[in-house]
Amino acid sequence: MDTIASTLTLTLDRAQFLRLPRPAGLCLQVQSGTLWITVDGRPEDLELGPGQRLCLEAAAPVVIGTLGGAARFRAERAAAARPVQLAWA
């Protein structure tokens, strides 16, 4: 597992998934493509397109994938948040 110190730019290909075990305090901003986000315990999934941003407040595990091809996004830790751990699913 890796720890995000402050900001990362990531690219997920069509068949890749990223699991965030404890994402509270992490903000995601899509630069290209579409992210498909599943938050454990939520009945619906989320879709984020270019320019859209989502800040994760709950500590529930999250799985991030893509729709229709690769997606590039920035992940940044909100000020005063604990380090976020990433795990490739």
Side-chain angles (χ1 to χ4, degrees):
M1 282 187 263
D2 298 322
T3 300
I4 291 179
S6 134
T7 301
L8 283 177
T9 298
L10 301 165
T11 300
L12 285 179
D13 289 327
R14 182 178 173 183
Q16 288 183 308
F17 294 89
L18 180 64
R19 184 175 60 85
L20 305 173
R22 292 181 298 263
L26 185 69
C27 295
L28 309 172
Q29 181 161 356
V30 179
Q31 295 173 329
S32 64
T34 303
L35 290 183
W36 175 25
I37 301 169
T38 300
V39 179
D40 192 38
R42 286 189 69 164
E44 71 283 336
D45 291 339
L46 304 168
E47 290 181 25
L48 290 182
Q52 291 185 309
R53 180 179 172 93
L54 172 69
C55 291
L56 300 163
E57 296 175 3
V62 170
V63 175
I64 301 171
T66 68
L67 291 175
R72 185 172 177 84
F73 64 100
R74 190 172 74 195
E76 95 184 325
R77 189 169 54 102
R82 293 184 320 169
V84 176
Q85 292 184 333
L86 304 177
W88 294 103

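- From Phe73, atom CZ reaches atom CG of Leu48 across 10.0 Å, with rounding to the nearest 0.5 Å.
- Identified under the disulfide (SG to SG under 2.5 Å) test for residues 26-70, with sequence neighbours left out: Cys27-Cys55.
- Note: the hydrophobic cluster containing Leu26 also contains Leu10 (ILVMFWY, side chain heavy atoms under 4.5 Å, direct or indirect links).
- Phe17 and Val63 get closest at one heavy-atom pair: CD2-CG1, 4.1 Å.
- Between Gly49 and Val30 the shortest heavy-atom distance is O-CB, 3.2 Å.
- In Arg53, the CZ atom is crowded: over 12 heavy atoms of neighbouring residues, nucleotides or ligands sit closer than 6.0 Å.
- Between Leu46 and the choices Leu35, Leu28, Leu54, the side-chain contact (heavy atoms from CB on, under 4.5 Å) rule is met once, by Leu54.
- The heavy-atom pair separating Ala59 from Pro23 by the smallest distance is O-CD, 3.8 Å.
- Leu20 and Trp36 fall into different hydrophobic clusters, where Ile, Leu, Val, Met, Phe, Trp and Tyr side chains are chained together by heavy-atom contacts under 4.5 Å.
- Contact between Thr66 and Arg14 at its shortest, heavy atoms only, is OG1-CA, 3.5 Å.
- For the 3.5 Å distance criterion, the side chains of Arg72 and Thr11 qualify, holding a donor opposite an acceptor.
- Closest approach of Gly51 to Gln29, counting heavy atoms only: O-NE2, 3.9 Å.
- Atom CG of Asp45 is separated from atom OG1 of Thr38 by 3.5 Å, given to the nearest 0.5 angstrom.
- A 6.0 Å sphere centred on CD of Gln52 holds more than 12 heavy atoms belonging to other residues, nucleotides or ligands.
- Across all their heavy atoms, Pro50 and Ser32 have their closest contact at CG-CA, 4.2 Å.
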